[in-house]
Novice: 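Input: one structure, supplied below.
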Protein chains: 2
Amino acid sequence: MDDMRFYCLHSELCKTLANEKRQMILGTLRDGEMTVSQLREKTRIPQANLSQHLSLLRGRGVVSARRDGTHVFYSIANPKIIQAFDLITEVMLESLEQQKGLADRALAPDAAE
Amino acid sequence: MDDMRFYCLHSELCKTLANEKRQMILGTLRDGEMTVSQLREKTRIPQANLSQHLSLLRGRGVVSARRDGTHVFYSIANPKIIQAFDLITEVMLESLEQQKGLADRALAPDAAE
DNA sequence: GTACAACATTCGTATATTCGAATGTACTCG
DNA sequence: CGAGTACATTCGAATATACGAATGTTGTAC
């Protein structure tokens, strides 16, 4: 079973996305490239911490950086990341709907289960 | 900024996928529903640990369970999970390609950068 | 009822992540 | 050169995750 390597890489990429701050960064970067300062203003993430997350995202190839003078512009490396992001959103919303449905049924137990 | 809740839920779903064992489970379940025993054989994950992961996946609505006698059948709750899974695979492979490209260029530095 | 199989949960520990504080580096301007 | 801005890295402590071992639960058969 050499799928092991496959699943490892797979989960590694998921881990990179598995953090609210990093999701926030991606959600902000989806509109186009942006400097760290701009990201800091939009996301309200403290500078050091923001840099840490950007470093991780960079290391995993999720975003890419471009230096221009004293500024560094970040952008999403692969547009498919955005597709994945949106799919996750859909799954999330549908899951919430479903849970809501279950809750409603529990509150109004007309028919027996 | 109430996107906070959005990004939280978003990353929570990603966290659910951010583990090799759970990826393995999903990769195995994508062919159809399966009992815990079958999953254990295919994935070689110890029973208790497998149950723990399944419990987490169930709690987050990623898989659903159906009991039949003494067996419990698990299946992927939302087909979009599989789409997301495959997108992640694509991103991963393209990222590997790109890294390989960079490595090749580093080994054969003909033209200046 | 007992015995057994299939699966789930709890608990404790090892390991990984996250984040702030401090410090470091790269670049520009004068 | 020094000073200031933009960004990155390191370190340590708090928190979260993963997993094995033991124990529980649920269902079937007898």
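Remember, it's a predicted structure, so these values are computed and weren't measured experimentally. Chain identifiers are assigned alphabetically (A, B, ...) following the order of the sequence lines, protein sequences preceding nucleic acid strands; residue numbering begins at 1 within each chain.
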Novice: Let me know the distance between CD of A/Gln47 and P of C/dA22, rounded to the nearest Å.
Specialist: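 A/Gln47 atom CD is separated from C/dA22 atom P by 14 Å.
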
Novice: Give a yes or no answer on whether the side chain of A/Arg22 reaches the backbone of A/Leu57 with a donor-acceptor pair at less than 3.5 Å.
Specialist: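 Not at all, since once roles are kept as given, no pair shorter than 3.5 Å links the two residues.
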
Novice: Between P on D/dT25 and CG on B/Leu54, what's the gap in Å once rounded to a whole number?
Specialist: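 My rounded result for the distance is 20 Å.
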
Novice: Under a 3.5 Å distance rule, please check whether A/His10 uses its side chain to pair with a backbone N or O of B/Met92 as donor and acceptor.
Specialist: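 No; judged by distance alone, with no hydrogens or angles, the pair does not exist.
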
Novice: Please confirm whether the shortest side-chain N or O distance from B/Arg67 to OP1 or OP2 of C/dA6 is below 4.0 Å.
Specialist: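 So the side-chain polar atoms of B/Arg67 never come under 4.0 Å of the phosphate oxygens OP1 or OP2 of C/dA6.
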
Novice: Nearest whole angstrom, please: distance from the P of C/dT18 to the CD of A/Gln23.
Specialist: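 A/Gln23 atom CD is separated from C/dT18 atom P by 12 Å.
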
Novice: Quick one: which of C/dC19, C/dA8, D/dT17 gets closest to the side chain of B/Val36?
Specialist: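 In terms of side-chain proximity for B/Val36, the closest of C/dC19, C/dA8, D/dT17 is C/dA8.
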
Novice: Does the distance from a Lys or Arg side-chain N to an Asp or Glu carboxylate O, for A/Arg30 and A/Asp86, drop under 4.0 Å?
Specialist: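 Salt bridge: yes.
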
Novice: Please evaluate the base of C/dT10 for a donor-acceptor partner in the side chain of B/Gln52 within a cut-off of under 3.5 Å?
Specialist: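 Yes, the side chain and the base share a sub-3.5 Å donor-acceptor pair.
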
Novice: Return the value, rounded to whole Å, for the distance between atom CD1 of B/Ile25 and atom P of D/dA18.
Specialist: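 Roughly 11 Å, once rounded to whole Å.
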
Novice: Would you mind telling me which residue lines up with the more 5' stretch of DNA chain C, B/Phe73 or A/Glu20, judged by nearest nucleotide?
Specialist: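 Its nearest nucleotide being more 5', the pick is B/Phe73.
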
Novice: Examine B/Phe73 and B/Val36 and state if one hydrophobic cluster contains both, with Ile, Leu, Val, Met, Phe, Trp and Tyr joined whenever side-chain heavy atoms are less than 4.5 Å apart.
Specialist: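 Hydrophobic grouping puts B/Phe73 apart from B/Val36.
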
Novice: Just compare C/dA26, D/dG20, C/dC7 and give me whichever is closest to any side-chain atom of B/Thr35.
Specialist: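 Of C/dA26, D/dG20, C/dC7, C/dC7 is nearest to the side chain of B/Thr35.
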
Novice: May I ask you to evaluate whether A/Ser51 reaches the phosphate of D/dT9, defined as a side-chain N or O under 4.0 Å from OP1 or OP2?
Specialist: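 No, A/Ser51 has no side-chain N/O under 4.0 Å of OP1/OP2 on D/dT9.
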
Novice: Tell me whether the OP1 or OP2 atom of D/dA18 has a side-chain N or O from B/Asn19 closer than 4.0 Å.
Specialist: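 Checking D/dA18 against B/Asn19, a side-chain N or O does come within under 4.0 Å of OP1 or OP2.
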
Novice: Under 4.0 Å: is that the gap between some side-chain N or O of A/Arg58 and OP1 or OP2 of D/dT9?
Specialist: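 For D/dT9, OP1/OP2 do have a side-chain N/O of A/Arg58 under 4.0 Å.
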
Novice: Check the phosphate of D/dT5 against A/Arg40, side-chain N and O only, distance under 4.0 Å to OP1 or OP2. Yes or no?
Specialist: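 It does not, given that no N or O in the side chain of A/Arg40 lies less than 4.0 Å from OP1 or OP2 of D/dT5.
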
Novice: Rounded to whole angstroms, how far apart are CZ on B/Arg60 and C1' on D/dT17?
Specialist: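 Answer to the nearest Å: 11 Å.
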
Novice: Return the value, rounded to whole Å, for the distance between atom CZ of B/Arg66 and atom P of C/dC7.
Specialist: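 In whole Å, C/dC7 P and B/Arg66 CZ are 12 Å from each other.
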
Novice: May I ask you to decide if A/Cys8's main-chain N or O and B/Gln23's side chain share a donor-acceptor pair within less than 3.5 Å?
Specialist: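 Flag not set: sc B/Gln23 to bb A/Cys8 has no pair under 3.5 Å.
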
Novice: Output yes when at least one side-chain N/O atom of A/His53 is less than 4.0 Å from OP1 or OP2 of C/dC19, else no.
Specialist: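 Checking C/dC19 against A/His53, a side-chain N or O does come within under 4.0 Å of OP1 or OP2.
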
Novice: So, OP1 or OP2 of C/dC7: does either fall under 4.0 Å of a side-chain N or O from B/His71?
Specialist: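 Result: yes.
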
Novice: With a 4.0 Å cutoff (strictly under), does any side-chain N or O of B/Ser37 reach OP1 or OP2 of C/dA5?
Specialist: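 The answer is no; no side-chain N or O of B/Ser37 sits under 4.0 Å from OP1 or OP2.
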
Novice: Give the rounded distance in Å between these two atoms: CG of B/Leu50 and C1' of C/dA8.
Specialist: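 That distance rounds to 11 Å.
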
Novice: For the side chain of B/Lys15, starting at C-beta, report the closest nucleotide among D/dA8, C/dT9, D/dT17.
Specialist: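 Nucleotide nearest to B/Lys15's side chain: D/dT17.
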
Novice: Less than 4.0 angstrom between a side-chain N/O of A/Lys21 and OP1 or OP2 of C/dT18, yes or no?
Specialist: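 The answer is no; no side-chain N or O of A/Lys21 sits under 4.0 Å from OP1 or OP2.
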
Novice: Determine whether a donor-acceptor pair (N or O, by modelled atom type, separation under 3.5 Å) exists between the side chain of A/Ser95 and the backbone of A/Val91.
Specialist: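 Such a contact is absent between A/Ser95 side chain and A/Val91 backbone.
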
Novice: Figure out the CD1/P separation between A/Ile45 and D/dA8, and round it to whole Å.
Specialist: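 Value for this atom pair: 13 Å.
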
Novice: For DNA chain D, whose closest nucleotide is more 5', that of A/Ala65 or that of B/Ala48?
Specialist: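 So the residue in question is A/Ala65.
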
Novice: By nearest nucleotide on DNA chain C, pick out whichever of A/Thr70 and A/Leu56 is the more 5' one.
Specialist: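 The 5'-side residue here is A/Leu56.
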
Novice: So does B/Tyr74 get a side-chain nitrogen or oxygen closer than 4.0 Å to the phosphate oxygens (OP1/OP2) of C/dA6?
Specialist: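 For C/dA6, OP1/OP2 do not have a side-chain N/O of B/Tyr74 under 4.0 Å.
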
